[in-house]
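Quick caveat, the model's predicted, so the values are computed rather than measured.
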Amino acid sequence: MRMSDFVVRDAIIPDLKAVAKEPVIQELVAGLREAGYFKGGEPEDIVKAVLKRELLGSTGIGRGVAIPHSKHPSVDRLVGTVAVSKAGVGFDALDGEPVHVFVLLISPQDRPADHLRALENVARALRDDGFVRSLRQATSRDQIWELLETADHT
């Protein structure tokens, strides 16, 4: 499974505005909603589900990266987005450092294997310091998408 298989290109946020955990998650979910995912009250419900998951332990995995995620009945396939914060966000990361690169994953409740495989693939990709540095330097949705596609083929 490649990141470009589930990241929604139109939901990528090259310049995240939010500066705290809950607003970051709201902005990520809003990006997916604006790209045509979720309807009605679902975005608020999805934000709550992701925040509930954060209570189990921060998805800020360190080195400037976080992978907030949840399962939710509103999706019939794994969807996600990528966002970059130039300033960095305090996200209770394991290393205590600000987070600059966020990858949000929302998956169907009945496909836990897809969810875990996506988390593994994202975590593996984001262990590459050069890839993370390139994401942080990207200034447009197209640049980020190109990086995701290139990373998928290496």
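Between the side chain of R141 and the backbone N or O of D10 there is at least one donor-acceptor pair closer than 3.5 Å. Checked by atom type and distance alone, the side chain of E97 never pairs as donor or acceptor with a backbone atom of G62 at under 3.5 Å. Between the side chain of R2 and the main chain of F6, no donor-acceptor pair closer than 3.5 Å is present. Side chain of E54 to backbone of T59: a donor-acceptor contact under 3.5 angstrom is found. Between the S58 side chain and the F91 main chain, a donor and an acceptor come within less than 3.5 Å of each other. Between the side chain of K86 and the backbone N or O of R136, at least one donor-acceptor pair lies under 3.5 Å. For the pair Q143 (side chain) and T139 (backbone), a donor-acceptor distance under 3.5 Å is present. The main-chain N or O of I67 is found under 3.5 Å from a side-chain atom of H69 such that the two form a donor-acceptor pair.
Distance check, rounded to the nearest 0.5 Å: CD1 of I106 to CZ of F38 gives 5.5 Å. Atom CE of M3 is separated from atom CH2 of W145 by 9.5 Å, given to the nearest 0.5 angstrom. With rounding to the nearest 0.5 angstrom, the CD1 atom of I46 is 8.0 Å from the CG atom of L32. With rounding to the nearest 0.5 angstrom, the NZ atom of K48 is 11.0 Å from the CD atom of Q26.
Residue V82 is not grouped with residue I13 when hydrophobic side chains (ILVMFWY) are merged at heavy-atom distances under 4.5 angstrom, including chains of intermediate members. Cluster annotation: L126 and I25 are assigned to distinct hydrophobic clusters (Ile/Leu/Val/Met/Phe/Trp/Tyr, side-chain heavy-atom contacts under 4.5 Å, transitive). A chain of hydrophobic side-chain contacts below 4.5 Å, direct or via other Ile, Leu, Val, Met, Phe, Trp or Tyr residues, connects V122 to V7. No single ILVMFWY cluster, assembled from side-chain heavy atoms under 4.5 Å apart, contains both V8 and L105. Under the 4.5 Å side-chain heavy-atom criterion for grouping Ile, Leu, Val, Met, Phe, Trp and Tyr, L94 is not connected to V99 through any hydrophobic cluster.
Between the side chains of E146 and T150, no donor N or O sits under 3.5 Å from an acceptor N or O. Side-chain N/O atoms of H72 and S74 include a donor and acceptor closer than 3.5 Å.
Classification of R133 and D128 as a salt-bridged pair fails, no side-chain N sitting under 4.0 Å from a carboxylate O.
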Exercise. Going through the checks in order, is the salt bridge (charged side-chain N to carboxylate O under 4.0 Å, His left out) test met by R77 and D114?
Worked result: CA-CA 9 Å; R77 70 174 187 88; D114 287 352; over 6 Å; no

For this session: Please lay out, stage by stage, how R9 and D142 fare under the test side chain to side chain contact (heavy atoms under 4.5 Å, CB included).
Result: CA-CA 8 Å; R9 184 178 185 156; D142 289 340; 2.9 Å; yes

Problem set entry | From CA spacing to verdict: salt bridge (charged side-chain N to carboxylate O under 4.0 Å, His left out), R63, D95 | CA-CA 7 Å; R63 295 173 37 231; D95 61 3; over 6 Å; no

